[in-house]
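Structure, as structure tokens:
To find a chain, count down the sequence lines: A is the first, B the second, and so on, and within it residues start at 1. Please read all numbers here as calculations on a predicted model, not as lab measurements.
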2 protein chains.
Amino acid sequence: MKDIRAYLSEHGIRPSVQRISIMEYLLTHKTHPTVDEMFIALSDSMPTLSKTTLYNTLKLFVDRQVVLMLGLDEKNARFDGDVSPHAHFKCSCCGRVEDIFEDELPELNLVFKNNIGRRFIMQTELSYTGYCSDCYDKRIQSIDNSITNTI
Amino acid sequence: MKDIRAYLSEHGIRPSVQRISIMEYLLTHKTHPTVDEMFIALSDSMPTLSKTTLYNTLKLFVDRQVVLMLGLDEKNARFDGDVSPHAHFKCSCCGRVEDIFEDELPELNLVFKNNIGRRFIMQTELSYTGYCSDCYDKRIQSIDNSITNTI
DNA sequence: AATAGATTTGTAATCATTACATAAATGAAA
DNA sequence: TTTCATTTATGTAATGATTACAAATCTATT
Ligand SMILES: [Mn+2]
Ligand SMILES: [Mn+2]
Ligand SMILES: [Zn+2]
Ligand SMILES: [Zn+2]
């Protein structure tokens, strides 16, 4: 895609094939993938891709502010091509990481600030953990069943 | 401390000497220490303490909700004995992790919610990265100096 | 004291990430 | 187009935090 080349160039990143693929993956997959998830997916179209290249490239992207590294998953770092201010939710049941935007959390923008006290803020991360709507429904249902079974 | 024993017991945690020491450390040190920092500090008074015990105990505390595990430091997990809703700031210059309470961030409580959409929220983490006031001042000063030197 | 259960300990394994050395690609002169 | 310097990519080895596991110790109860 021509615009990905431009996007990278604008941020001082020379657009190699690997870098374009990795950036494109992050822009088209809003799943906040781990390194391994990306590596497996990208290896299909780029069998020679090295995991080191993936790590190096992600580090470069994060440094240049075109990608966000999320810390809400203790096990693996997760990455996000959307650098606009938004929050994240991780379901501790199914593991998925969802975006939370203003429509669901209008108070969101109030905590994204440039400074707090005399501190200079460079990054804000607002993350939630709990049960996603699917898993919550299943849980309720299984409780209902267990009550029914007990009667 | 008698009240630490009680505090642990109230949360279904049998108060062994190790557990009391670890909890006491977290309640009296608001530095959001890493495992290693705690291990070194606690080893003074408990030379036989095992790092595995420290890991196990912290996991137990986090499960029982008497301690918070922070994910804002990519390298090491950090721990907090204060489980009340507040935000955290990590200085990327000096590395220190500071608390941010309502007095500095009145909007804080607005994002600590029990649910968002149909999601059930169990934990909220609001964390900032940037320059603390000390490091920010130093940086300004060093820029001033370099300007002065250039003239 | 004997017993059972919980807790602690030390060592070995795991696994994500990083370091490093080499190979390939790129791009500007000549 | 060759040449050469610089950047980027690759594979392997090392690191380092965390976890698994089995044995030792502690604690409470009979
Ligand atoms: Mn996102
Ligand atoms: Mn805190
Ligand atoms: Zn779920
Ligand atoms: Zn600082």
Quiz item: If only atom types and distance count, is the side chain of A:E125 paired as donor or acceptor with the main-chain N or O of A:G71 below 3.5 Å?
Solution: yes
Quiz item: Between the side chain of A:R78 and the main-chain N/O of A:L70, is any donor-acceptor distance below 3.5 Å?
Solution: no
Exercise. Specify the residue among A:A77 and B:I13 whose closest nucleotide of DNA chain C lies further upstream toward the 5′ end.
Key: B:I13
Quiz prompt | Given DNA chain C, 5'-ward residue of the pair B:R14 and B:K75, judged by closest heavy atom | solution = B:R14
Quiz item: Looking only at heavy atoms, which two atoms of B:G130 and B:F89 are closest? And how far apart?
Solution: C-CZ, 3.6 Å
Quiz item: Does B:R64 offer a backbone N or O that forms a donor-acceptor pair with the side chain of B:H11 under 3.5 Å?
Solution: no
Quiz item: Which residue, B:D36 or A:V17, contacts DNA chain D at a nucleotide closer to its 5' end, judged by nearest heavy atom?
Solution: A:V17
Self-check item: Leading and trailing nucleotides of DNA chain C with any atom under 4.0 Å from heavy atoms of chain A
Solution: C:dA16 to C:dG27
Exercise. May I ask you to decide if B:I20's main-chain N or O and B:R5's side chain share a donor-acceptor pair within less than 3.5 Å?
Key: no
Exercise. Could you tell me whether B:T53 contacts a base, only the sugar-phosphate backbone, or nothing, with contacts defined as non-hydrogen atoms closer than 4.0 Å?
Key: base
Exercise. For B:N76, report the nucleic acid contact type (base, sugar-phosphate, nothing); a contact means any heavy atom under 4.0 Å.
Key: sugar-phosphate
Exercise. With heavy atoms under 4.0 Å as the rule, sort B:T52 into base, sugar-phosphate or nothing.
Key: base
Quiz item: Within the side chain of B:T28, is there an N or O that forms a donor-acceptor pair under 3.5 Å with the backbone of B:E24?
Solution: yes
Quiz item: Hey, is the main chain of B:D99 close enough, under 3.5 Å, to the side chain of B:H86 for a donor-acceptor pair?
Solution: no
Practice problem: For the residue pair B:H88 and B:D80, confirm or rule out a side-chain donor-acceptor distance under 3.5 Å. | Solution: yes
Quiz item: Can you give the first and last nucleotides of DNA chain D, 5' to 3', that have an atom under 4.0 Å from a heavy atom of chain B?
Solution: D:dA17 to D:dA28
